[in-house]
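Shown next, in structure tokens, is the structure this report addresses.
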Amino acid sequence: MSSTDQCILLVFSNPGNRTNLDRSFSVHFTLVQSECRVALLTHWISLDPLANLGVQVPASLAGFYCEQISIQPQIILLKEGTENSQGKPQLISNINACQAVVDAVRTTLGPRGMDKLLVNNGKATISNDGATIMRLLDIVHPAAKTLVDIAKSQDAEVGDGTTSVVLFAGEFLKQVKPFIEEGVHPRIIIKAFRKATQLSIEMINSLAVKIEKSNTVEHRALLEKCAATALSSKLVSHQKGFFSKMVVDAVLLLDDLLPLNMIGIKKVNGGALEDSILVDGVSFKKTFSYAGFEMQPKKYNNPKIALLNIELELKAERDNAEVRVKSVSEYQKIVDAEWNILYEKLDLIHKSGVQVVLSKLPIGDVATQYFADRDMFCAGRVPEEDLKRTMKACGGSVMSTAHDLTDSVLGRCEYFEEKQIGGERFNIFTGCPNAKTCTFILRGGAEQFLEETERSLHDAIMIVRRTIKNDSVVAGGGAIEMELSRALRDYSRSIAGKEQLLIGAIAKALEVIPRQLCDNAGFDATNILNKLRQKHAQGFSWYGVDINKEDISDNFEACVWEPAVVKINALTAASEATCLILSVDETIKNPKSGDGQPPMGRGMGRPM
Ligand code: ADP
Ligand code: MG
């Protein structure tokens, strides 16, 4: 009988005795170690049968009174088909899965990074943004999903550094993989990570350069540099000067809280990227309009604006109502009544003295002509988001009745205009008194290109907001990572034991950013990293990769600046994800409940 293919039921006769219980557990563990599948311990056992099975029993257990040993079938704890893997192989396989994900985004890092073309349900997306790529990859591996989450959280929290965070996590895992294979306990590794992250954050905080806010010109220049660094790795990097100015203008137009939703981004196909404009107010695409619209004026100074949620249209009720009439005159009455209701509403709106009428619901041809006759402008079916933004910017409130249109519920702005931009017409409200808001109107060729431009601007906007809020910056291009790596390596030399090697490995992992920047640009990474290590050892903290000259340079002077918070957040998130993945030693996957479809039976009485 081999000891591996059977199940032993061990039965306690005296489970209340604490010491015996403990001992019996050690029997249990010994058995598990010898790969004999033990199901349950409930009875005293004889040691001899165990010895016969080839199980090593510790000497301390000798002398046990044994009563019975019986061979029983395995106790089934989990549903049949449940996948269960555990231990070191499990950990290694998780790490490998993460590595595969990291390899997918690796090449997009930095100014010379490549873009990815992702096709999802026939819709093509071209992107360089780590979070977007990770989201579209649709990863199913449970551990690798963690990386998607950190990319998303980085995107939500700081908006940039999404590729970096994934790379950090991947490289951390790669560097500790040999330790796991050697059998170092994950907890020790996790402890080293906690320590290294804490040290790195202290280091970043002490190195970061505070920005002087009092000098507005200088402050502005600095914000532009941060925006330019964020944009330099994107598809629009050639226009980064143009866009970084625009982004800073946009963010500075907002109020102190810098609400992101007060920046609208509209895209119009056609034209060149440089034809994009920034409107300091609300703007949205002209909505569908009826005959008579051409007669309405398209420009107003200081108009009053009504924001409505009313349908100003004669209803075509034939689809959803039935009215039975006996004579033509009765029918005429019904029609008249409907016209009267509409005219009453229109009169009320006109009397309130507004010039611009916006409604979430349709404004039909009768109403359009009515307004045209009275020199008023109207737009129906305005998207809710745009109507809300207009409300926040111009004041007033969205009304669902035409009564009580007093000045307090009407919006105001300094100038309203409907303007032709490319092939589209836009309604533009400027000089809004209430909230500060602005709208980008992006121009450009292909749809995908415009979408990627929007995502890139989002990164830059987030970075400028962050810089205004947290006002301290570090040098990018791998400079800060090299400095952290040096600091950690120095620290590791001052401590003893396994931790020394682990912190050393983490220090090495941080070099992934400059290495990848070089690799993506086609530089000799080993050579440049050697130069960088040397410079940093000599105390030049801001030396990083110079993308233009295939060399190293002082990136603080070269104005490759990033907000410190980007790096702090990236490091924290990556190290947390690493610890999370390392602390998992077992995955239990439930079998899918059924195969999704109930068996197709024959319908009652229906022949086959
Ligand atoms: P992420 O999604 O992490 O922001 P990016 O593709 O935007 O990834 O690349 C950001 C990296 O590129 C940062 O490490 C940044 O320091 C670096 N970088 C940006 N501009 C430059 C530049 N002009 N020279 C060198 N490195 C740069
Ligand atoms: Mg970036």
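All values reported here derive from a predicted model rather than from experimental measurement. Every number for a ligand or one of its atoms is a count from 1 in the order of the listing. What's counted below: heavy atoms across the whole structure, side chains too, no hydrogens, waters or symmetry copies.
Salt bridge status for K498 with E182: absent, with no side-chain N to carboxylate O gap under 4.0 Å. The pair R455-E452 meets the salt-bridge criterion, with a side-chain N (NZ, NE, NH1 or NH2) lying under 4.0 Å from an Asp/Glu carboxylate O. With respect to K267 and E454, a salt bridge is recorded, a charged nitrogen being found less than 4.0 Å from a carboxylate O. Note on D249 versus R220: salt bridge recorded, some NZ/NE/NH1/NH2 to OD/OE distance being below 4.0 Å. Contact check on K388 versus E385 returns no salt bridge, with no Lys/Arg side-chain nitrogen under 4.0 Å from an Asp/Glu carboxylate oxygen. Using a cut-off of 4.0 Å between Lys/Arg side-chain N and Asp/Glu carboxylate O, D551 and K531 are scored as salt-bridged.
Among all protein heavy atoms, the one lying closest to atom 21 (C) of ligand 1 is P111 CG, 3.3 Å. Protein heavy atom closest to atom 25 (C) of ligand 1, with residue, atom name and distance, is I547 CG1, 3.4 Å. Given atom 4 (O) of ligand 1, the protein heavy atom at minimum distance is D160 OD1, 2.7 Å. The protein non-hydrogen atom at the shortest distance from atom 6 (O) of ligand 1 is G110 N, 2.9 Å. Closest protein heavy atom to atom 15 (C) of ligand 1: E562 OE1, 3.4 Å.
Near K567, meaning under 4.0 Å from any of its heavy atoms, are these atoms of ligand 1: 14 (O). Under a 4.0 Å criterion applied to the non-hydrogen atoms of S233, ligand 1 contributes the atoms 5 (P), 6 (O), 7 (O), 9 (O). Less than 4.0 angstrom separates some heavy atom of T162 from each of these atoms of ligand 1: 1 (P), 2 (O), 3 (O). Atom numbering of ligand 1 starts at 1 in the shown order; those under 4.0 Å from a heavy atom of T108 are 6 (O). Shown in contact with N128 at under 4.0 Å from a heavy atom are these atoms of ligand 1, numbered in order with element: 6 (O). Listed by number with element, the atoms of ligand 1 under 4.0 angstrom from any heavy atom of T229 are 19 (C), 20 (N). Taking a cut-off of under 4.0 Å to the non-hydrogen atoms of G476, the atoms of ligand 1 that pass are 16 (O). Against a heavy-atom cut-off of under 4.0 Å, S232 is close to the following atoms of ligand 1: 19 (C), 20 (N), 21 (C).
Not close to ligand 1: Q516, with no non-hydrogen atom less than 4.0 angstrom away.
The shortest N/O to N/O separation between N555 and ligand 1 does not fall below 3.5 Å. Below 3.5 Å of separation, one finds no N or O of D129 facing any N or O of ligand 1.
Distances from atom 17 (C) of ligand 1 to the heavy atoms of S456, G477, G113, C559 put G477 nearest.
Nearest approach of S164 to L109, heavy atoms of both residues: OG-CD1, 3.8 Å. Of all non-hydrogen atoms in I547 and P111, the two that sit nearest each other are CG1-CG, 3.9 Å.
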Decide yes or no on salt bridge (charged side-chain N to carboxylate O under 4.0 Å, His left out) for K567 and E481, but give the supporting numbers first. CA-CA 9 Å; K567 296 294 166 193; E481 287 87 359; 2.9 Å; yes
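The aromatic rings of F172 and F168 lie parallel to each other, with less than 30° between the two planes, well short of the 60° mark.
Residue-level check: among N/O/S atoms of D160, OD1 sits closest to the Mg ion (ligand 2).
For S164, heavy-atom contacts with ligand 1 shorter than 4.0 Å involve the backbone as well as the side chain. With a 4.0 Å heavy-atom cut-off, ligand 1 is reached by the side chain of I513 but not by its N, CA, C or O. Here V545 has backbone heavy atoms under 4.0 Å from ligand 1, and that is the only part of it that gets that close. For L517, every heavy-atom contact with ligand 1 shorter than 4.0 Å involves the side chain, none the backbone. Residue V560 touches ligand 1 through its side chain alone, judged by heavy-atom distances below 4.0 Å. In E481, neither the side chain nor the backbone holds a heavy atom less than 4.0 Å from any atom of ligand 1.
For the atom pair SG (C413) and CG (N434), the distance works out to 11.5 Å, reported to the nearest 0.5 Å.
At a cut-off of 3.5 Å, with distance as the only test, no side-chain donor of S153 or D155 sits close to an acceptor on the other residue. Looking only at atom types and distance, the side chain of S575 has a donor-acceptor partner in the side chain of T197 under 3.5 Å away.
The number of heavy atoms from other shown groups lying within 6.0 Å of NZ (K286) is above 12.
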